[in-house]
Amino acid sequence: MFSNFLIGLREGLEASLVVCILIAYLVKTGNKNKLVPIWIGVGIAVVVSLAFGAGLEFGSQEMTFKAQEALGGSLSIISVGLVTWMVFWMRRTARHLKTELHGKLDAALSMGTGALVATALLAVGREGLETSLFVWRAVHAADDGWHPMIGAFLGIAAAVVLGWLFYRGALRINLSKFFTWTGGMLVIVAAGVLAYGVHDLQEAEFLGGIHNRAFDISATIPPDSWYGTLLKGTFNFQPDPTVLQITVWALYLIPTLALFLAPVGFGRSVRATDQKAQKATDEKPEADSAGDGARDGDGAVHDGERVRDGARRAGSGAGGNQI
């Protein structure tokens, strides 16, 4: 439930911030009459997201067990990829989100009502589709499907309230730290979803090793206990994972979390330093060769002067003899 509250809160807050920025910009630029297309776009995005989730739910009920497991495992991997991309994208662009949206809105205003609807639809619909996919996967992974849905709806409701408070100027929060903490938690949650997706693919016999268990601590942490249920609902914890699950979980979590927690621009600053050093190294031989050329030129000038002096003296001597 907590993991779905977290995804609902984060995705919902991103969507709320986008809507707040669009509305505030229209109001400040005297385009209040353009608010209706924005709300139409938001409404369409919500309907499309709900329809996508319903399609996943009802469309998978007619499948065989292996087909359901294969679909669930595949969508788990896709949802992990989307969530990973989302947390890194927000980490990189959060500081410039307002400017980017203003530019898109200016272009949409010049194009007309349909462009405004499309701007709001695309901005909000992306978060809605990601939330639907992630929550649907969590519902099927949990024993009780209502808890993930309740958690997601509570997270979205909290995000809407926070967005409204931001718009009214009644709440200030360090968004950079907020997205860093929630992003780090989502990377951990995504690692559990990925491991569970691998388990589904093993049950569908798409991957092997279903009986090759890494360990089994079911006696210590029973799956039906309150703490076992809490761990499973939060991190998709499984007391008897396979070797392949543990391997994939570690290969995803460790490097992804390390990259996410690294300082922003760390890689770029290192590359910039290397490029500057390489440029200085490349310029030094050019400067030396230019210096050598200058020295060679000076020598040629002196040699030319000596030749001309000798010619003048020879000419003078020849002239004197003729006279």
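Nearest heavy-atom pair, Lys32 versus Val27, reported as atom, atom and distance to 0.1 Å: CE-CG1, 3.8 Å. Annotation for Ala70 and Ala204: closest pair N-CB, 3.6 Å, computed over non-hydrogen atoms. A pairwise comparison of heavy atoms in Glu203 and Lys66 identifies O-CG, 4.4 Å as the closest pair. The two residues Pro222 and Thr220 come nearest to each other via the heavy atoms CD-O, 3.4 Å. Across all their heavy atoms, Gln238 and Pro241 have their closest contact at O-CD, 3.3 Å. Nearest heavy atom pair, residue Ser16 against residue Gly163, reads CB-CA, 3.9 Å.
Expressed to the nearest 0.5 Å, how far CG of Leu257 lies from CZ of Phe260 amounts to 8.0 Å. The CD1 atom of Ile221 sits 11.5 Å away from the CG atom of Asp240 when rounded to the nearest 0.5 Å. The distance from the OG1 atom of Thr84 to the CG atom of Leu259 is 11.0 Å, given to the nearest 0.5 Å. One distance of note links CG of Asn31 with OH of Tyr25; it measures 8.5 Å at 0.5 Å rounding. To the nearest 0.5 Å, atom CG of residue Leu201 and atom OH of residue Tyr196 are 12.0 Å apart. Note: Leu13 CG to Leu162 CG = 6.0 Å, rounded to the nearest 0.5 Å.
At a threshold of 4.5 Å between side-chain heavy atoms, the hydrophobic network of Ile, Leu, Val, Met, Phe, Trp and Tyr places Val80 and Ile254 in two separate groups. Under the 4.5 Å side-chain heavy-atom criterion for Ile, Leu, Val, Met, Phe, Trp and Tyr, Val83 and Ile156 are members of distinct hydrophobic clusters. Linking Ile, Leu, Val, Met, Phe, Trp and Tyr residues whenever their side-chain heavy atoms come within less than 4.5 Å leaves Val124 and Leu122 in two separate clusters. No path of Ile, Leu, Val, Met, Phe, Trp and Tyr side chains, each step under 4.5 Å between heavy atoms, connects Leu251 with Phe215, placing them in separate hydrophobic clusters. One hydrophobic cluster, built from ILVMFWY side chains closer than 4.5 Å, holds both Trp249 and Ile217.
Formation of a donor-acceptor pair under 3.5 Å by the Gln202 side chain with backbone atoms of Gly208 is found in this model. A donor-acceptor pair under 3.5 Å links the side-chain atoms of Ser132 to the main chain of Ser49, judged by distance alone. Using a distance-only test at 3.5 Å, with no hydrogens or angles considered, a donor-acceptor pair links the side chain of Thr29 to the main chain of Leu26.
Checked against side chain to side chain contact (heavy atoms under 4.5 Å, CB included), Leu121 has the following partners two or more places apart in sequence or in another chain: Ile44, Ala45. The side chain to side chain donor-acceptor pair (under 3.5 Å) search around Ser74 returns none, not counting sequence neighbours.
Looking at heavy atoms from C-beta onward, His199 lies in side-chain contact with Ile210 at the 4.5 angstrom threshold. For the pair Leu82 and Leu129, the minimum side-chain heavy-atom distance is 4.5 Å or more. Between Asn212 and Leu244 there is no side-chain heavy-atom pair separated by less than 4.5 Å. Residues Trp39 and Ile23 form a side-chain contact, since some pair of their non-hydrogen atoms from C-beta on lies under 4.5 Å apart.
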Could you list the donor-acceptor pairs under 3.5 angstrom formed between side-chain atoms of residues 183-194 and any protein atom two or more places apart in sequence or on another chain?
none

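Atom CG of Leu35 has more than 12 neighbouring heavy atoms from other residues, nucleotides or ligands inside a 6.0 Å radius.
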